[in-house]
There are 2 protein chains.
Amino acid sequence: MAIQLQRPHAAVVFLCFLTCGLSIPDPRQREALMQLEAYMQTGGQMVLTDAEQRLDTLLFKMKQEEMARADFPPSMHFFRARDLIRTSPIFSLLRKMPKGGALHVHDFSMVDAEWLVKNATYRPHCYMCRTDSQSVRFIFSSQRPRALPLCSPWVLLEELRAKTINATELDNSIMRNLTLFTDQDPEAAYPSQDVVWGTFEQTFLALWGLVTYAPVFRDYYYQGLTQFYRDNVMYLELRALLPQVYELDGSTHDRAWTLKTYQDVTRQFTAEHPDFFGTRIIVTINRGVNASVMTKAVEEAMKLKKGFPDFMAGFDMVGREDRGRPLWYFRDALSLPVEEGVTLPFFFHAGETDLEGTDVDQNLLDALLLNTSRIGHGFALLHHPVAKDLSRKRGVAVEVCPISNQVLKLVKDLRNHPAAALMSENHPMVISSDDPAMFGSSGLSYDFYEAFVGFGGIKSHIGSLKQLALNSIRYSSLPSEQQNKAMSEWQRRWNKFVSENDF
Amino acid sequence: MAIQLQRPHAAVVFLCFLTCGLSIPDPRQREALMQLEAYMQTGGQMVLTDAEQRLDTLLFKMKQEEMARADFPPSMHFFRARDLIRTSPIFSLLRKMPKGGALHVHDFSMVDAEWLVKNATYRPHCYMCRTDSQSVRFIFSSQRPRALPLCSPWVLLEELRAKTINATELDNSIMRNLTLFTDQDPEAAYPSQDVVWGTFEQTFLALWGLVTYAPVFRDYYYQGLTQFYRDNVMYLELRALLPQVYELDGSTHDRAWTLKTYQDVTRQFTAEHPDFFGTRIIVTINRGVNASVMTKAVEEAMKLKKGFPDFMAGFDMVGREDRGRPLWYFRDALSLPVEEGVTLPFFFHAGETDLEGTDVDQNLLDALLLNTSRIGHGFALLHHPVAKDLSRKRGVAVEVCPISNQVLKLVKDLRNHPAAALMSENHPMVISSDDPAMFGSSGLSYDFYEAFVGFGGIKSHIGSLKQLALNSIRYSSLPSEQQNKAMSEWQRRWNKFVSENDF
Ligand SMILES: [Zn+2]
Ligand SMILES: [Zn+2]
């Protein structure tokens, strides 16, 4: 529950406590120190309206009941916890809550696998083959496509479905290849980081041929916006690879076309949903490339940023950090924008690792040295007190994606997630969902649930939620004028949400 | 590897970095910030001799090889990792290393289960019964003892063994009841905290009748000292329940007798091993009692402290923190020593929980308000920035017991243990083993391994080990004169260790 604060008093007590020597514990002193701690946490300094306080009382009761359950969802693997979370009254509330923006989401994992199967794969000219490693590949083509190495001959799905007795089983088997989610034992299915990342990469390749087909590409992104919008997310910063999108005749479009298409579909969507604030794109490239490819990518990104100054937010790298090249390896390429006086903000993934003290583990500090605007994940931040201090003092927010970190096996019990400590001291942070469709999640609410119930325990309250939502606007790449606009739109929706739920 | 430090330079760079604005990253600036971080960690400020630096180079190589292994022991459950750790060259070195003191060890779990079976249960007059919950109970008695409720009729082990064909299987089945360790799948055997604590308590009851038998009691403690001594631990602070020890005729001794016995055996042991520095006792009581029982316990503890001013260190509570009463409930009893002007230092277990924001979760702050000398576990410390700050500024060390926290299911992958963050910023801490025999561990080296390899990653080095060992003397309850004596004895042994291993 939110505690009313008396900051200056508590600070004096703290000092006295350090210097005043042995004594019987004083309940007022204790109360003051507890209030100081409550004040320091994320949302601890929010001033709450009466209605917000009523809603908080309700939330507090729900939280107590949630924590008394035999199965505490944040301590369980999300694949097992998902059904429990869905029945949680806190989760229902979080679904309805205006959460602000989702600042760390990837282009190929916005929309659930079911939509892809039911929608994309049922379109005409959709071919599929099965790889030797039990994954699938897709292509849309007006003619029979050339065979892929290490894949079965292409079959036209329309023909396969006509011959198949159990269409549901076929669809389910396709679906299993388009997400990491499984109702099997997740520990057995993914015993190690190597295995889960291996499957992650296969799944990504399976999605590729579906999502990069021009008609699907547009619809997929529109559907992605719809799903986030329905989850009461009003704004998106999308990390996008800008793939070469292809047409039925095999012709392809360049990356500018892809960026333009994102912009067009976003305009269409916001025209149809005026209370959706929009999307900005963070252009990404796989961190497995070499220095000269990176140089070209940065040069292209600078050009794209000039062409789409308001729509493109900046630049980042993707792929498994532990296996890719460290940021410092790319320092020359990444210094180009500053050298040339061109604006290209960075939003680096960094510290998505548990390999302490390695080259990759230096990415957190290097991201800051390279003037990153935010830090993707920052899971290792507690191991780097200098980087942590810099991130705090310069207001470089950490994009925390709890379910992603759990599914990709950085942490098992989310109560041990480093962001729980970061929340205790109101470190700049936002909550995001990374690759929701990959993890069997959607939108932002599941990750908000894990953060609110798992990181916060009983301590986090309505003020924490409010602050996390506000952070997602404050730490967005939006220029300040637009932030103010987004802020007042968010506030309007927040007030509505509170007044509709504070009974 | 230990990095040579340039502190003032790094601090200036840090400030400039905050204020000097956008620029191309400067390798010297980067180097300085990395050095600042290296300087801040546990052991980062140690000045190393040439010989220590040679040993460090060796350790660094070993660490790199260790981290490249497919199975990384600190990320695995200790029951599965133990055999791997035993083959690790780092572990061999840690065994030989003079580790200073073990400051958090409990009386009933010093000696491995095998010793108890092979030694204690083979003594005459040893009766055993099997409880309804598949545990066992023991009693030594000159006559057939009275039946225990919910237990099979007593059998004299001597007679049972005479009738048993497979004595090894009988011994093994007894042994399994005297430790949590199992070579089965530990996740299946202990699926939850409730289950593992349930078995822990049963195991404790199984040990009780063996260890509290006067002749065994003495030998058990002597054997415990031997095992720590052989593991190159020179000093012990033992949390002791001071049970009523019994004789063959059923007569019992009072708690002062038990404390006296510990003192006598310690004197005998140190006489026979002059380079062992000794033991001090922290008298403990189960936290499940009510306020009036606690008052009596504190009064008795004050009396014992007067009677054994040099041998008794202070007072603490034991038992599962989440299920026991919070410290604040006992505040009146725990205020008695200060009120009466009697010295009774506290060494409270606190924060051995993942229930954030509950009454029990206030124990960390309350332990500090009650002027605790150290904090047992402090697992939740990162969730309490005010308590963390107090602990740091007042030099109240955290007693970190990695294997205990993992076996009792607070954390799975030890790289996520909060002490990894605490080590990054040189928070006052010592490494200990809690209940080594219970966890299938022994002495201190296994826990040192987890801390050095798991918490520290590649970053921790010979200086970290040195500091952890020095901390165990500096944060001990020994008066300063004795600390100096212990320190020079430790230094002598350390120099010998380094010179014997720096090739
Ligand atoms: Zn990501
Ligand atoms: Zn303990």
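Residue numbers start from 1 in every chain, and the chains themselves are labelled A, B, ... in the order their sequence lines are given, proteins ahead of strands.
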Criterion side chain to side chain contact (heavy atoms under 4.5 Å, CB included) on A/Gln362 and B/Arg30, from CA distance to verdict = CA-CA 10 Å; A/Gln362 284 304 326; B/Arg30 177 179 192 254; 3.8 Å; yes

Does any non-hydrogen side-chain atom of A/Leu369 lie less than 4.5 Å from one of B/Leu33?
yes

Q) Is the number of heavy atoms from other residues, nucleotides or ligands within 6.0 Å of CG (B/Asp185) greater than 12? A) yes

Checking heavy-atom separations under 4.5 Å from chain B, one finds in residues 412-424 of chain A A/Lys412, A/Asp413, A/Arg415, A/Asn416, A/Ala420, A/Ala421, A/Ser424

The interface call for B/Phe455 against chain A, heavy-atom contacts under 4.5 Å, is backbone

Among A/Lys388, A/Met67, A/His383, A/Glu425, the residue with the most heavy-atom pairs under 4.5 Å to chain B is A/His383

When the 4.5 angstrom heavy-atom criterion is applied to A/Glu187 and chain B, the contacting part is side chain

Greatest number of non-hydrogen atom pairs under 4.5 angstrom with chain B, of A/Lys63, A/Gln64, A/Glu37, falls to A/Glu37

The interface call for A/Asp366 against chain B, heavy-atom contacts under 4.5 Å, is side chain

Okay, B/Pro27 and chain A: the region with an atom under 4.5 Å from a heavy atom over there is both

Given A/Ala380, A/Ser75, A/Gly457, the one with more heavy-atom pairs under 4.5 angstrom with chain B than any other is A/Gly457

Note: vs chain A, highest number of non-hydrogen pairs under 4.5 angstrom among B/Pro337, B/Pro25, B/Ser192 is B/Pro25

Distance col, row A/His384:NE2 vs B/Gln41:CD, nearest 0.5 angstrom, shows 10.5 Å

